[in-house]
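Take a look at the structure below.
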Amino acid sequence: MDKGQKFYITTPIYYVNARPHIGHAYTTLVCDAIARRKRMLGIDTFFLTGTDEHGVHVERSATAAQTPPQKWVDKVSAEFRGLFDKMGISYDDFIRTTEPRHKLGAQELWKRIQEKGFIYKGTYTGQYCVFDELYVDSVGPGAPCPECGRPTETVSEENYYFKLSAFADKLLAHYQQNPEFIRPETRRNEVIAFLKTGLRDLSISRSTFKWGIAVPGDPRHVMYVWLDALSNYCTAVGFGAKEEDEQKKFQHFWPADVHMIGKEIIRFHCVYWPAFLMAADLPLPKSIVAHGWLLFEESKMSKSRGNIVRAETVIDVLGNDALRYFLLREIVFGQDGSFSFDALVQRYNSDLANDLGNLSSRTLTMINRYFNGSVPYPSPTVARKATDDVIKEQALTVIQEFTQLFDDFQFSRALETAWSLVGAVNKYLVDEEPWIVAEKEGEENKARLATILYTAAEALRIVTALAYPVLPESASKIWNQLGLGEISKFNLAELKWGQLPLGGKLGKVEPVFPRADKTSIERMQQMEQERAAQAASTASSTATASSPAPAGEGARPGQPASQSAHGPADAAPAAKAAPAIDGKISIDDFLKVELRVGQVKVAEKVKGADKLLRLEVDIGTEVRQLVAGIALAYKPEDLIGRKVVIVANLQPRKLRGLESNGMIVAASVGEDGKPVLASFLEDVPIGAKLK
RNA sequence: GGCGGUGUAGCUCAGGUGGUUAGAGCGACGGUCUCAUAAUCCGUAGGUCGUAGGUUCGAGUCCUACCGCCGCCA
């Protein structure tokens with residue numbers, strides 16, 4: 001088992017029709033953390049990511065931008081790669097579906113499936129959704145796509161089909177026999193439910209556009225993007241290659257151990273992909289893990305609301321590790337999670353700066369001060385107390401629990417466990433008061449001090465080793481400060497208590513996580529605004545063919561950000577972000593509205609309208625007639641003499657034949673929107689302007 | 001509409017097979033120490049466990065209905 005043990009993990013390949021954002025970063029950094037941990041455990045690990053570059057979208061976008069498709073995809077692919085490099089993602093390979101090695105491999109896969117007799121030619125006449133690249137046979141001509149709501153086109157095409165229907169039973173049996181195949185379980189259940197309704201054959205070629213991989217033996221057709229894209233998992237490790245070492249690589253790494261995906265592409269990965277592989281007589285991946293979406297919280301504080309947040313923003317202000325830690329700690333893996341700058345900074349400060357960073361700082365500083373920067377010798381007997389062993393025992397427990405949880409994709413809980421040790425050591429230091437012990441004379445006290453600081457430093461080392469996959473940059477720094485050299489060379493499988501070399505010299509001690517102040521949130525928000533504005537201006541000049549649905553009454557507060565591949569959520573983020581940047585208006589916009597205090601002089605019901613009141617309101621300069629829909633909430637007699645706030649410069653409007661010159665300001669309360677008039681605690685003069 | 005999930009303190013979440021005063025972290029408030037990154041540590045803060053019924057000696061934990069949110073149904 002251990003001989004030749006390998007681990008092959010993949011991200012989805014990202015569709016180049018969208019710009020990289022924090023959702024892509026999330027998927028990728030989760031895989032990175034897993035890959036780093038596996039490597040640290042001494043496992044031969046291969047971590048793949050890349051870009052998906054074919055399809056009609058790309059062809060149209062490139063055309064619209066008057067750019068050759070290849071040039072277009074080169075540019076966006078480089079953006080993805082640039083982001084991942086900036087993030088320090090430790091991918092072993094970055095595959096692009098426009099590379100020759102991929103094309104050859106994808107065609108090879110096609111040929112194998114064909115040889116086994118699972119491909120046939122058929123004709124499809126009906127509706128086609130260009131955006132989703134899907135045949136939607138459930139709707140008639142002129143109907144919108146049930147998937148994305150965009151108009152469908154009527155097409156009649158001769159295509160190649162894949163005999164997907166032949167695999168329903170086999171797939172079901174596979175799910176049943178391999179409960180780990182689809183994770184989490186709720187997704188597995190969905191797939192099973194889907195499968196039980198039966199499978200129809202799948203059209204796997206297109207002849208209406210050219211930007212794709214030619215179907216072997218029939219260059220009039222290109223391969224269906226998903227067949228093309230999915231095969232990357234094989235082609236990247238050498239499938240279909242002529243070179244012997246590439247073939248060996250495939251033998252070694254295939255099947256993949258984990259395909260990490262977003263929940264929107266489950267069907268493609270859990271149904272189509274294994275069916276393709278079965279048809280080609282290739283081994284199936286060990287497991288397909290679907291995470292949730294990253295949503296952008298509608299902040300109750302109504303602070304702001306970034307639409308699409310770029311990972312770069314967070315990285316530039318707080319660093320890579322802050323982003324990694326936040327996403328892995330805050331979000332329950334598998335579920336949707338929300339991202340906000342507030343939560344990010346809070347997490348950063350409390351967990352990283354205050355807890356871990358400060359623990360490191362205080363412990364190492366004391367070793368520097370009291371022991372000249374050499375790891376002190378703990379006393380085996382005299383100066384030993386039970387509290388020391390409690391820390392040791394807890395550390396051992398944490399190693400176990402962390403391992404179990406992390407390997408079960410429960411990153412959040414794994415980190416929680418690790419941090420329980422951080423907390424325990426901080427408390428241990430307060431309880432043992434090494435700074436007091438240091439002031440006392442005598443060998444025994446000296447030995448006691450040594451034991452305390454050794455215990456703290458050793459616990460710190462263990463947390464650091466465990467946290468490395470999540471916090472590669474900072475863990476390396478702490479490791480260095482502990483005087484331990486290159487952390488990635490450490491074998492995590494051997495992690496146990498007592499490995500901190502006695503007498504070892506500490507490195508230079510300095511803060512690893514400087515506290516973030518309030519301005520960091522503002523800085524990030526500002527960067528987002530600038531980027532969004534910039535994107536909006538470029539987007540207008542290079543508008544893509546598939547423009548997203550209009551924002552309508554504002555994008556729903558839960559835009560998925562973890563789009564991975566051809567899903568419907570692929571609308572260009574730039575355009576989506578543009579209209580409302582972050583829902584804020586300028587002060588000038590606000591000042592356009594003239595709000596004044598007025599006093600109600602006359603109030604009476606409007607005949608024939610049970611909700612309307614006719615009001616005469618004194619606003620200092622004049623008495624205005626207003627018609628307001630507040631009759632259900634206020635009696636006319638209760639209003640007379642009352643001071644209210646009105647919008648004074650609203651265009652006049654006629655209601656029930658009465659001209660209304662302004663609007664009364666009221667809160668809308670409850671489900672039925674009951675109006676509650678705005679008022680003041682202090683007395684205010686009539687005509688006062690609000691600003 | 002069908003199937004599935006979910007609704008627990010301000011926030012994010014724990015709460016096998018029903019059983020004393022419903023938990024944690026963060027935030028808030030008060031206090032403490034001083035080695036440390038205005039950090040640590042301690043204490044407090046009173047959440048009808050979505051709503052209404054039901055089963056039971058006893059339900060957050062089982063059942064029913066309803067409400068809300070979410071997902072899947074090519």
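Note that the structure is predicted; figures quoted are calculated from it, not measured.
Ionic pairing of A/Glu443 and A/Lys446 is not present here: no N-O contact between side-chain nitrogen and carboxylate oxygen is shorter than 4.0 angstrom.
Taking atom NZ of A/Lys196 as the reference point, atom P of B/G4 lies 11 Å away to the nearest angstrom. Atom CG of A/Asn358 is separated from atom P of B/A36 by 10 Å (rounded to the nearest Å). Look at CH2 on A/Trp293: it is 17 Å from C1' on B/U6, rounded to the nearest Å. Nucleotide B/G7 holds its P atom 14 Å from the CG atom of A/Asp336, rounded to whole Å. Taking atom CD of A/Gln410 as the reference point, atom P of B/A24 lies 20 Å away to the nearest angstrom. If you measure from atom CD1 of A/Ile436 to atom P of B/A36, you get 13 Å, rounded to the nearest angstrom. What separates CD of A/Glu185 from P of B/U6 is a distance of 11 Å, to the nearest Å. Rounded to whole Å, the distance from OH on A/Tyr325 to C1' on B/C26 is 11 Å.
The same atom, C1', is picked in B/U34 and in B/C11; the two are 31 Å apart, to the nearest Å. Spacing of C1' atoms, B/C57 relative to B/U12, comes out at 37 Å, to the nearest Å.
The partner of B/A14, taking Watson-Crick or G-U wobble pairs whose two distances both stay under 3.5 Å, does not exist in any strand shown. Across all strands shown, B/G60 forms no Watson-Crick or G-U wobble pair with both key distances under 3.5 Å. With a cut-off of 3.5 Å on both Watson-Crick or G-U wobble distances, the partner of B/C69 is given as B/G5. B/U55 is unpaired under the criterion used here, namely a Watson-Crick or G-U wobble arrangement in which both key atom distances are under 3.5 Å.
Ranked by how close their nearest RNA chain B nucleotide is to the 5' end, A/Tyr370 and A/Tyr272 are led by A/Tyr370. Comparing A/Leu359 and A/Thr197, the nucleotide of RNA chain B nearest to each residue sits closer to the 5' end for A/Leu359.
Checking the phosphate oxygens (OP1, OP2) of B/A36, a side-chain nitrogen or oxygen of A/Arg369 falls inside 4.0 Å. Between A/Arg267 and B/C73 there is a side-chain polar atom (N or O) within less than 4.0 angstrom of OP1 or OP2. Contact annotation: A/Arg362 side-chain N/O to B/U37 OP1/OP2 distance is not under 4.0 Å. Listed pair A/Lys427 / B/U40 fails the phosphate criterion, with no side-chain N or O lying under 4.0 Å from OP1 or OP2.
Taking every side-chain heavy atom of A/Arg200 into account, B/A74 is the closest of B/C41, B/U34, B/A74. Picking from B/C35, B/U37, B/G71 the nucleotide with the shortest atom distance to the side chain of A/Glu190 gives B/G71. Distances from the side chain of A/Val512 to the nucleotides B/U37, B/U34, B/U40 place B/U37 closest. For A/Glu330, the listed nucleotide lying nearest its side chain is B/U12; candidates were B/A39, B/U12, B/U40. Minimum atom distance to the side chain of A/Val332 is reached by B/C13, of the listed B/U34, B/U40, B/C13.
No more than 12 heavy atoms of other residues, nucleotides or ligands lie within 6.0 Å of CD in A/Gln404, so this atom counts as exposed by the packing criterion. Within 6.0 Å of atom CD in A/Glu393, more than 12 heavy atoms from other residues, nucleotides or ligands are found, so the atom counts as buried in its surroundings. Residue-environment remark: CD (A/Glu441) stays at or below the threshold of 12 foreign heavy atoms within 6.0 Å.
A parallel orientation is assigned to the rings of A/Tyr161 and A/Tyr120, their planes being inclined by less than 30° (bins at 30° and 60°). Ring planes of A/Phe406 and A/Phe402: parallel class, angle under 30° (limits at 30 and 60°).
A/Tyr325 has its ring centre less than 6.0 Å from the ring centre of A/Trp419. Annotation: A/Trp479 is not in aromatic contact with A/Tyr468 [ring centroid separation under 6.0 Å not met].
Contact of the A/His54 side chain with the A/Tyr15 side chain is not registered, since no non-hydrogen atoms from C-beta on lie closer than 4.5 Å.
A heavy atom lying under 4.0 Å from RNA chain B marks the following residues of residues 346-355 of chain A, by number: A/Gln346, A/Ser350, A/Ala353, A/Asn354.
When heavy atoms are screened at a 4.0 angstrom cut-off, A/Tyr428 is found touching no nucleic acid atom at all. A/Gly334 comes within 4.0 angstrom of nothing in the nucleic acid, heavy atoms only. The residue A/Asn189 sits apart from the nucleic acid: no heavy atom pair falls under 4.0 Å. Using a 4.0 Å heavy-atom cutoff across all strands shown, A/Thr365 reaches sugar-phosphate atoms only and no base atom. Residue contacts for A/Leu199: at a heavy-atom cut-off of 4.0 Å it reaches a base atom on one of the strands shown.
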